[in-house]
Visitor: 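Starting off with a structure, shown below.
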Amino acid sequence: MAVDVLVGTQWGDEGKGKLIDVLTKDVDMVVRFQGGNNAGHTVEIGDKRYVLHLIPSGIFRAGVKCVIGNGVVVDPIALDEEMQNVKTQGFDISQIELSDRAHLIFEYHKRADSLNEKGAKRKIGTTGRGIGPAYTDKMRRTGIRAIDLTNAERLAEQFRSECARYNKIFAEYGVEEIDVEAQLAKVLDAAKRLAPHVANSTYTVNKAIRANKTVLFEGAQGGLLDIDHGTYPFVTSSNTISGGACTGSGVAPQHIRNVWGVLKTYTTRVGEGPFPSELFDADGEELRRVGNEFGATTGRPRRCGWFDAVASHYSCMINGVNLLAMTKLDVMDGFDKVAICVGYEIDGKVTDEFPAAVSDLEKAKPVLEWHDGWKCSLSEVRSYDELPENAKRYLERVAELVDAKIGIVSVGPRRDQTFEV
Ligand code: IMP
């Protein structure tokens with residue numbers, strides 16, 4: 001039996017989709033456990049590029065069961081579209097199962113998301129997918145769940161009642177009200193196709209574990225966007241860390257073997273919020289250009305900076321990362337020198353602990369440690385031994401700083417541009 005969790009160790013966009021795809025060659029089941037279609041997991045197979053938002057990244061391997069767990073918030077119209085799209089491209093959507101306990105996102109959540117952003121003194125820079133409002137409804141116990149997709153009458157009743165509540169708020173704030181019946185018709189149409197995929201997945205996953213199957217949990221976003229542990233309030237609304245795999249699927253912690261931390265060898269962030277090692281110069285531009293750092297979900301340019309060992313050490317600690325999947329090393333091929341942020345100077349004092357207050361993070365000056373670049377292309381490297389010494393030294397220093405072992409290195413977007421260590 002092997003139950004592993006794969007999570008992002010930064011602010012998302014570490015390359016989790018690719019790594020999940022690489023790791024799924026040996027797995028029986030992939031489980032998403034939090035977030036929703038705010039995620040954008042990119043997988044390149046041959047000359048084709050696929051972006052998944054809700055479907056677990058195991059879908060490209062025949063026979064891999066893909067479970068969307070109870071902790072995920074699911075836009076049924078978006079999921080239906082994504083499933084039809086994947087089906088058209090020749091993949092088997094009968095592999096997909098949606099937990100009956102997963103909460104649903106509707107049009108009113110998306111409108112509330114943009115209303116919150118418009119009204120906010122400090123914008124979060126959300127993806128606009130309705131994630132925060134859907135989790136808010138879950139917590140206030142007025143959410144509608146996937147189980148309700150299997151009963152049109154119950155779904156319609158709950159949907160109408162929630163729309164009435166939201167429409168009052170929209171009327172007050174001058175937001176266009178929901179056309180309830182038109183939206184309901186769309187939801188019911190998607191529900192027809194989704195209902196056969198809805199199941200009591202808590203049992204599906206636990207039975208697979210009991211039957212010694214190999215299960216991989218696919219995290220979305222990253223540890224620094226976690227609702228409890230991230231740079232609050234500039235976070236997403238779920239527990240993105242490995243602990244979320246248990247609550248978001250109904251699997252107990254003692255089953256988990258490895259926690260894979262996907263770590264981009266520099267740092268990026270999309271949306272608002274503090275980012276101590278952010279670069280505003282030509283180096284930052286170069287990372288964005290070479291790394292193609294534009295959001296897979298929203299297309300927004302990502303903010304770029306040096307690798308932040310303070311933030312990533314903290315993230316690896318709260319995730320319990322024991323194996324690192326280090327990505328996009330090739331993006332720094334052209335740099336004469338590369339830096340690692342090893343401490344924060346806050347009000348004249350240097351710390352290597354990640355603070356809770358955004359105001360501290362905003363004034364933190366990065367303490368940089370410089371390393372010589374390797375100045376050659378890594379894209380054809382297929383083993384750790386083939387890496388130039390400077391690249392190895394850089395990776396080993398990063399691993400030492402975050403206190404985890406290097407498991408996999410990725411030097412390009414394709415499946416074959418990956419090697420185990
Ligand atoms: P939300 O998840 O749409 O509510 O957005 C909250 C914050 O999380 C914003 O800063 C988003 O840019 C960020 N975020 C959400 N999903 C992702 C992701 O998959 N990758 C990177 N950032 C994300």
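Start at 1 and go down the list; that is how both ligands and their atoms are numbered. Throughout, residue positions are numbered sequentially from 1 according to the sequence presented. Just so it is clear, the values below take in all heavy atoms, side chains as well, and ignore hydrogens, waters and symmetry mates.
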Visitor: Is Q221 in polar range of ligand 1, meaning some N or O pair under 3.5 Å apart?
Guide: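 There is such a contact, yes.
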Visitor: For residues I227 and Y232, report the shortest heavy-atom separation together with the two atoms involved.
Guide: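 Taking every non-hydrogen atom into account, O-CD1, 3.5 Å.
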Visitor: Is it the case that ligand 1 has an N or O less than 3.5 angstrom from some N or O of R300?
Guide: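 Yes, R300 has an N/O under 3.5 Å of an N/O on ligand 1.
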Visitor: State the atoms of ligand 1, each with its element, that fall below the 4.0 Å cut-off from a heavy-atom position in G125.
Guide: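 What qualifies from ligand 1 is 9 (C), 10 (O), 11 (C), 12 (O).
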Visitor: Quick one: nearest non-hydrogen protein atom to atom 14 (N) of ligand 1, plus distance?
Guide: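 Ranking protein heavy atoms by distance from atom 14 (N) of ligand 1, first comes L225 CD1, 3.9 Å.
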Visitor: Students often mix this up, so state it plainly: with edges at 30° and 60°, are the rings of Y394 and H371 parallel, tilted or perpendicular?
Guide: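 Perpendicular, since the angle between the ring planes exceeds 60°.
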Visitor: What about F217 and W260, are their ring centers closer than 6.0 Å?
Guide: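 Distance test on ring centres: not under 6.0 Å, no.
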Visitor: Before giving the answer on side-chain hydrogen bond (donor to acceptor under 3.5 Å, both in side chains), spell out for E97 and S201 the whole-Å C-alpha distance, their side-chain angles and the decisive distance to 0.1 Å.
Guide: CA-CA 7 Å; E97 182 174 307; S201 308; 2.9 Å; yes
Visitor: Indicate the ring-plane relationship of H109 and F106, choosing parallel, tilted or perpendicular according to the 30° and 60° boundaries.
Guide: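 Rings of H109 and F106: parallel, as their planes differ by under 30°.
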Visitor: Centres of the W11 and F234 rings: under 6.0 Å?
Guide: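 Here the rings of F234 and W11 have centres that are no less than 6.0 Å from each other.
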Visitor: Out of curiosity, is A39 lining ligand 1, as in a heavy atom under 4.0 Å away?
Guide: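 Yes.
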Visitor: Considering only the protein, which heavy-atom contact is closest to atom 6 (C) of ligand 1, and what is its distance?
Guide: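 Ranked first by proximity to atom 6 (C) of ligand 1 is V235 O, 3.3 Å.
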Visitor: Taking heavy atoms and a distance under 4.0 Å, where does R129 meet ligand 1: side chain, backbone, both or neither?
Guide: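 The answer is neither; R129 stays 4.0 Å or more away.
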Visitor: Heavy-atom contacts with W11 under 4.0 Å: which atoms of ligand 1 show up? List them by number with element.
Guide: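 Under 4.0 Å from W11, ligand 1 has these atoms: 21 (C), 22 (N).
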Visitor: To the nearest 0.1 Å, how far is atom 3 (O) of ligand 1 from its closest protein heavy atom, and which atom is that?
Guide: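 Scanning the protein heavy atoms, the shortest distance from atom 3 (O) of ligand 1 goes to T127 OG1, 2.6 Å.
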Visitor: Could you check atom 2 (O) of ligand 1 against the protein and tell me its nearest heavy-atom contact, residue, atom and distance included?
Guide: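 Checking every protein heavy atom, the shortest distance to atom 2 (O) of ligand 1 gives T236 OG1, 2.6 Å.
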Visitor: Is N38 close to ligand 1, meaning an N/O of one under 3.5 Å from an N/O of the other?
Guide: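 Yes - when backbone and side-chain N and O of N38 are compared with those of ligand 1, one distance drops under 3.5 Å.
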Visitor: Which bit of F234 is near ligand 1, meaning a heavy atom under 4.0 Å away: side chain, backbone, both or neither?
Guide: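 Neither part.
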Visitor: Out of curiosity, R129 CZ to L54 CG, how far, rounded to the nearest 0.5 Å?
Guide: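 The CZ atom of R129 sits 10.5 Å away from the CG atom of L54.
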Visitor: For residues 176-187, which side-chain N or O atoms pair as donor and acceptor with protein atoms under 3.5 Å away, sequence neighbours left out?
Guide:
| from | atom 1 | to | atom 2 | distance (Å) |
| --- | --- | --- | --- | --- |
| D179 | OD1 | A182 | N | 3.3 |
| E181 | OE1 | R160 | NH2 | 3.1 |
| E181 | OE2 | R160 | NE | 2.8 |

Visitor: List ligand 1 atoms under 4.0 Å from D13, heavy atoms only on the residue side.
Guide: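 It comes down to these atoms of ligand 1: 20 (N), 21 (C).
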Visitor: Do the rings of Y108 and Y166 sit parallel, tilted or perpendicular, given the 30° and 60° boundaries?
Guide: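 Aromatic pair Y108/Y166 classed parallel.
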Visitor: Hey, are S238 and T236 close enough side-chain-wise for a donor-acceptor pair under 3.5 Å?
Guide: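 T236 vs S238: no donor-acceptor pair found between side chains.
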Visitor: In terms of residue, atom name and distance, what is the protein heavy atom nearest to atom 10 (O) of ligand 1?
Guide: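 Here the closest protein heavy atom is V270 O, 3.3 Å.
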Visitor: Distance to 0.1 Å, residue and atom name: give those for the protein heavy atom nearest to atom 5 (O) of ligand 1.
Guide: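 Answer, as residue, atom name and distance: T126 CA, 3.4 Å.
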